[in-house]
There are 2 protein chains.
Amino acid sequence: MISSIAELISDRIGTMPAGERRAAQTLIANYPLIGLKTVAEFSTAAGVSSPTILRFVARLGFQNYPEFQSALQDELAAQLQSPATRTLNPASSGGAVSPMLEATLDNMRETFRHLSERQLADIAATLAHRRGKTFLIGGRFTDPLARYMAAHLAIVQPDVHHLAGQEGIWRDRLIDMGKRDVLVIFDIRRYQDSLVRFAETAHQRGVHIVLFTDQWLSPIARFARHVIAGRTAVPSAWDSSAALFVVAETLIGAVTRQLETDGAKRIRELESLR
Amino acid sequence: MISSIAELISDRIGTMPAGERRAAQTLIANYPLIGLKTVAEFSTAAGVSSPTILRFVARLGFQNYPEFQSALQDELAAQLQSPATRTLNPASSGGAVSPMLEATLDNMRETFRHLSERQLADIAATLAHRRGKTFLIGGRFTDPLARYMAAHLAIVQPDVHHLAGQEGIWRDRLIDMGKRDVLVIFDIRRYQDSLVRFAETAHQRGVHIVLFTDQWLSPIARFARHVIAGRTAVPSAWDSSAALFVVAETLIGAVTRQLETDGAKRIRELESLR
DNA sequence: CAAAATACGTAACATACGATACAGCGCTCC
DNA sequence: GGAGCGCTGTATCGTATGTTACGTATTTTG
């Protein structure tokens, strides 16, 4: 049963030629407003010609463009009148996707439920402290999160370093770390010995450790000043780092806000350098 | 301060003559969809003539009818993009954290709403196809997502490569890519020219491109066989990649499931190697 | 009550929009 | 390698749409 036009499109998008598929993709991406504009606007937005748009709507089964627009409008009208239908897409329930999504959303809510405003503010303040350097490192699967965070933090403040490469390389960087510095570690199961040893040494040197881990807590929690425990369970063969990712983004935003005055200047400078 | 057109109308409805007032009332009653239809339809719905409708929109301060319609569409677009503002939850507001979380959760729901089960299955099948090689690459901030995905995919199947380092390095890898290969690209605003050029060349070589981008669609969408448009808007100085991250995790899970038999053997082998 | 001003609709107009014919191009399949 | 097919863009056409001018109706004001 096909109820919405969006479903109709995603149902047939596979059988469409390249140009019409572009049309379909842009419509889905800006659903449904692009479809309410003129053919010319739609076509330029999709990067194709007007006839391709018309062929696209014809393939969907509409006699002409106005009829297609009317259908979109009717759908919109129904949505606007009953907001409940928006939140739940009946077609997508039942499949293998929504359990994954639902679990992820639950993980995030749970993660943030155990995370107070104050904790986050403290960590953000720690990260925004410009006295010392900031180092970030992660495990096998979480190192990309460290990179992601480092890429953003490095823009709003100086002395942000992501520790990459072989173990020997970042172990040597310990010599640069001291009491005023912050080390952000991502470590979820299965916890990596190398990271634990690294954290221990850093801790002995007085480094301020911020740990992102799962709800079972990496052994590094012993040495950490701040611990963020994210939920990771999802119906998949893998654990999910999504909740930690969102916490990281939240902190990035908070740090940026705290460094607003200096950060803005820095961002402008960087822009001009590009 | 007048923000929405509806407010503008209710502000001036008192000073309007009878005919225009009827126009105003019917617009409010079916807000805003009647305003997106033609002048003729609007006029018959309101029981007045077309010129009255035009005088009505002129009184609201618009130069012409299309301009009025554009304003309505922009307003609608803003509403549809951030459902949070519509179903504003007063209990959860207050701190700086929950708006961020709420927006992120909304982004994910919206992203998946525009993503059909079938599309994801198609993409998963593409990624699980073991005939060719899989390459992953990302932009300035999204490259960690590419790494994350690569780290997982590389475990369940061979020939998975993350393209890192300087532009020249991965440009040279193009020589290894052909029709049976898949290139996964992450590119959100501001889109990187180097990636676009890279994608174009890969496309010319017949490489199957899977694009992760934002709702405004990277220009790479032109060359992509599959496009995933994630919502990125959050109350922060940065765009959020969290929705794309979750889609990536979902795909990782789906691919792993598809390769279950072979993948499981592979995973055991890898375990024994550690 | 009269006269003026405002409001409204009918009808003609011009523009811009959607539709279509056609040619070029790439792709696939002999 | 060649023939056929399908896809896509350019250019043209007809028309539906928004716009405007003008005459009539209605209200307002002295």
Side-chain angles (χ1 to χ4, degrees), chain A residues 5 9 12-27 32-73, chain B residues 5 9 12-27 32-73 178-180 200-209 219 221-225 227:
Chain A
I5 297 176
I9 293 170
R12 305 199 185 171
I13 197 169
T15 70
M16 293 182 186
E20 300 180 26
R21 198 162 43 216
R22 285 211 288 271
Q25 283 159 352
T26 49
L27 176 57
L33 275 167
I34 277 282
L36 297 180
K37 296 186 186 290
T38 66
V39 174
E41 286 178 280
F42 190 171
S43 66
T44 54
V48 297
S49 68
S50 322
T52 301
I53 300 295
L54 296 175
R55 282 189 282 264
F56 162 66
V57 303
R59 191 181 296 266
L60 292 180
F62 298 99
Q63 293 300 324
N64 48 29
Y65 195 70
E67 182 181 309
F68 162 71
Q69 289 191 316
S70 298
L72 281 180
Q73 286 183 358
Chain B
I5 297 176
I9 292 170
R12 303 197 187 172
I13 196 170
T15 71
M16 291 182 186
E20 300 181 26
R21 195 175 314 150
R22 289 178 65 181
Q25 282 161 349
T26 49
L27 177 57
L33 276 168
I34 275 283
L36 297 180
K37 297 184 185 290
T38 67
V39 175
E41 286 180 280
F42 191 172
S43 65
T44 55
V48 296
S49 69
S50 321
T52 302
I53 299 295
L54 296 175
R55 281 188 282 265
F56 162 66
V57 303
R59 193 183 296 267
L60 291 179
F62 298 99
Q63 295 296 323
N64 47 29
Y65 195 69
E67 183 180 309
F68 163 71
Q69 289 190 317
S70 298
L72 281 181
Q73 285 185 359
K179 297 192 178 181
R180 349 203 76 176
E200 184 169 10
T201 322
H203 172 66
Q204 284 164 2
R205 293 182 66 91
V207 179
H208 193 130
I209 295 182
R222 295 183 60 88
F223 316 118
R225 196 87 64 94
V227 176

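So you know, we letter chains A, B, ... as the sequences are listed, proteins then strands, and number each from 1. None of these values were measured; they are calculated from a predicted model.
Atom CD of B/Gln204 sits in a crowded spot, with more than 12 heavy atoms from other residues, nucleotides or ligands closer than 6.0 Å.
Looking at B/Gln69, its side chain does come within 3.5 Å of a backbone N or O of B/Lys37 through a donor-acceptor pair. Formation of a donor-acceptor pair under 3.5 Å by the A/Arg22 side chain with backbone atoms of A/Val48 is not found in this model. A donor-acceptor pair under 3.5 Å is absent between the side-chain atoms of B/Arg55 and the main chain of B/Gly19, judged by distance alone. Without hydrogens or angle criteria, A/Glu20 side chain to A/Ile13 main chain gives no donor-acceptor distance under 3.5 Å. With hydrogens and angles ignored, the 3.5 Å screen pairs a side-chain donor or acceptor of B/Arg222 with a backbone N or O of A/Gly47.
The end-to-end axis angle of the helix from C/dC1-D/dG30 to C/dC30-D/dG1, rounded to 10 degrees and based on five pairs per end, is 30°.
The outermost nucleotides of DNA chain C lying under 4.0 Å from heavy atoms of chain A, listed 5' to 3', are C/dC17 to C/dT20.
A/Leu72 has its side chain within reach of A/Phe68: a pair of non-hydrogen atoms, C-beta onward, lies under 4.5 Å apart. Looking at A/Arg21 and B/Arg225, their side chains come closer than 4.5 Å, going by heavy atoms from C-beta outward.
B/Glu200 contributes atom CD, which lies 4.0 Å from atom CZ of B/Phe223 (distance to the nearest 0.5 angstrom).
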Side chain to side chain contact (heavy atoms under 4.5 Å, CB included) between B/Ile5 and B/Phe62, worked out: CA-CA 11 Å; B/Ile5 297 176; B/Phe62 298 99; 4.1 Å; yes
When every nucleotide of nucleotides 7-20 of chain D is labelled 5' to 3' by its protein contacts under 4.0 Å (heavy atoms), B for base, S for sugar-phosphate only, - for none, what sequence of letters results? SBBB------SSBB
